[in-house]
Amino acid sequence: MKQLLSFINLINNSRRPLFFTGAGISTESGIPDFRGPSGFWKTNTPIYFKDFISSESARRDSWQRNINLSKKLSKVKPNDGHLALKDIMERNKKSYLITQNVDNLHQDSGVPEKKITELHGNSTYANCLSCYKKYSLKIVHEPFVKKGLIIPCDNCGGLLKTATISFGQPMPEEEMEIALLKAAKADLFVVIGSSLAVYPAAGLPKIAQESGSKLVILNAEPTELDSIFDLVVHQKIGIFLKKVAKNI
Ligand code: APR
């Protein structure tokens, strides 16, 4: 109860709250996280960007994963955590959200696009790695599923890839710039559902703190960075955030 009151207080007293989410906010929608007890990396290995570029079989694996994820995403909905965060953000027009997630569930929950920066891209569409032309996944999935064909970009012949950032792929410059700027201006930085294991994203809380921000983390398990936080809440996101949204 004490932690809930402290969390609510910090939100209510914040002028520029910055929310930072990871895969943990989507597990209650049925999407596994990466490093939790039944995380995706427990049974899969990451496909590195250099392998995607150099190896056709890596591209096949990557597209098959995206087809599996798309099937899952077509059935999932934003959960209480997403909906509560949307409500909390609505209480302060200076709220902003940086997410590591690629599932589009924050957008689906009603958080306006202009209040969201996706650091690791979005898995609900694809683009050409050379000319950046955007593609609906259907156009790429169909020939792959029907004939095992991975089509090239019809504009420049380049490689098509889902619009997510893989390990070893350069971070999106504009999104990183926005994230760094928002972190430097925030007076409250709230991490929700992230193990803070992947840089440069995991470096953002420290950047916010160095600019005077209070740090809060809501996560089921401890993280390497818990000790730098002013408030550490090890609770399930959905139920906790719902209580916060009801009482701010
Ligand atoms: N409530 C609270 N915490 C939860 C819940 C829940 N319902 N479900 C999962 N968690 C916690 C887990 O305990 C874990 O510590 O969320 C955290 C999710 O951490 P990760 O799986 O590492 O996900 P994330 O931090 O988003 O990973 C960062 O790594 O693989 C890359 O690109 C991928 O964006 C991802 C990045």
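Whatever order the structure lists them in is the order used to number ligands and atoms, beginning at 1.
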Exercise. Considering only heavy atoms, does V198 approach ligand 1 within less than 4.0 Å through its side chain, its backbone, both, or neither?
Worked result: side chain

Exercise. Looking only at distance, does I237 have an N or O less than 3.5 Å from an N or O of ligand 1?
Worked result: yes

Problem set entry | Closest protein heavy atom to atom 18 (C) of ligand 1, given as residue, atom name and distance to 0.1 Å | G193 O, 3.5 Å

For this session: List the closest protein heavy-atom neighbour of atom 33 (C) of ligand 1: residue, atom name, distance to the nearest 0.1 Å.
Result: F34 CE1, 3.7 Å

Exercise. For the side chain to side chain donor-acceptor pair (under 3.5 Å) test, which of D103, N127, N104 pairs with N122?
Worked result: N104

Exercise. Tell me, do F49 and L129 make a side-chain contact under 4.5 Å, heavy atoms counted?
Worked result: yes

Seminar exercise, completed: Atoms of ligand 1 under 4.0 Å from any heavy atom of T27, numbered from 1 in the order shown, are 5 (C), 6 (C), 7 (N), 8 (N), 9 (C)

Exercise. Once you round to the nearest 0.5 Å, how far does CD of E221 lie from CG of D226?
Worked result: 10.5 Å

Problem set entry | Region of E221 engaging ligand 1 - heavy atom pairs below 4.0 Å | both

For this session: Flag the pair K94 / S14 as yes when at least one side-chain heavy-atom distance between them is below 4.5 Å, and no otherwise.
Result: no

Exercise. Is it true that the side chains of T164 and T162 contain a donor and an acceptor less than 3.5 Å apart?
Worked result: yes

Exercise. Going by distance only, is there an N or O of N101 that falls short of 3.5 Å from an N or O of ligand 1?
Worked result: no

For this session: Verify the neighbour count for atom CZ of F167: are there more than 12 heavy atoms of other residues, nucleotides or ligands below 6.0 Å?
Result: yes

For this session: For atom NZ of K115, decide whether the heavy atoms of other residues, nucleotides or ligands shown that lie under 6.0 angstrom number more than 12.
Result: yes

Exercise. Is W41 touching ligand 1 with its side chain, its backbone, both, or neither, if touching means heavy atoms under 4.0 Å apart?
Worked result: side chain

Problem set entry | Protein contact to atom 15 (O) of ligand 1 [nearest heavy atom, distance to 0.1 Å] | N219 ND2, 2.9 Å

For this session: Measure across N101 and A23 and return the closest heavy-atom pair with its distance rounded to 0.1 Å.
Result: OD1-N, 2.9 Å

Exercise. Any idea which heavy atoms bring I150 and F144 closest together, and the distance?
Worked result: CG1-CD1, 3.7 Å

Exercise. Do any N/O atoms on A220 end up under 3.5 angstrom from N/O atoms on ligand 1?
Worked result: yes

Exercise. Does some non-hydrogen atom of F167 fall short of 4.0 Å from ligand 1?
Worked result: yes

Exercise. Identify the closest protein heavy atom to atom 7 (N) of ligand 1: which residue and atom is it, and at what distance?
Worked result: E28 OE2, 2.7 Å

Problem set entry | Minimum-distance protein heavy atom relative to atom 32 (O) of ligand 1 | H120 ND1, 3.4 Å

For this session: Using distance alone, determine whether S194 and ligand 1 share an N or O pair under 3.5 Å.
Result: yes

For this session: Please could you name the atoms of ligand 1 that G22 approaches to less than 4.0 Å, counting only its heavy atoms?
Result: 26 (O)

Exercise. Has E210 got more than 12 heavy atoms of other residues, nucleotides or ligands less than 6.0 Å from its CD?
Worked result: yes

Problem set entry | Region of Q100 that comes within reach of ligand 1 [heavy atoms, distance under 4.0 Å] | both

For this session: For residues G157 and P152, report the shortest heavy-atom separation together with the two atoms involved.
Result: O-CB, 3.8 Å

Seminar exercise, completed: When distances are taken from atom 10 (N) of ligand 1, the protein heavy atom at minimum range is G24 CA, 3.6 Å

Exercise. Which residue supplies the protein heavy atom nearest to atom 31 (C) of ligand 1, what is that atom called, and how far is it?
Worked result: R35 NH2, 3.5 Å

Exercise. Can Q235 be said to touch ligand 1, with heavy atoms closer than 4.0 Å?
Worked result: yes

Problem set entry | L149, CG: over 12 other non-hydrogen atoms inside 6.0 angstrom | yes

For this session: Keeping to residues at least two apart or across chains, list the salt bridge (Lys or Arg N to Asp or Glu O under 4.0 Å) pairs with something in residues 154-173.
Result: K133-D154

For this session: Under 4.0 Å from a heavy atom of A23: give me the atoms of ligand 1 that qualify, with their elements.
Result: 23 (O), 24 (P), 26 (O)

Exercise. Where is the nearest protein heavy atom to atom 19 (O) of ligand 1: which residue, which atom, and how far?
Worked result: S195 N, 3.2 Å

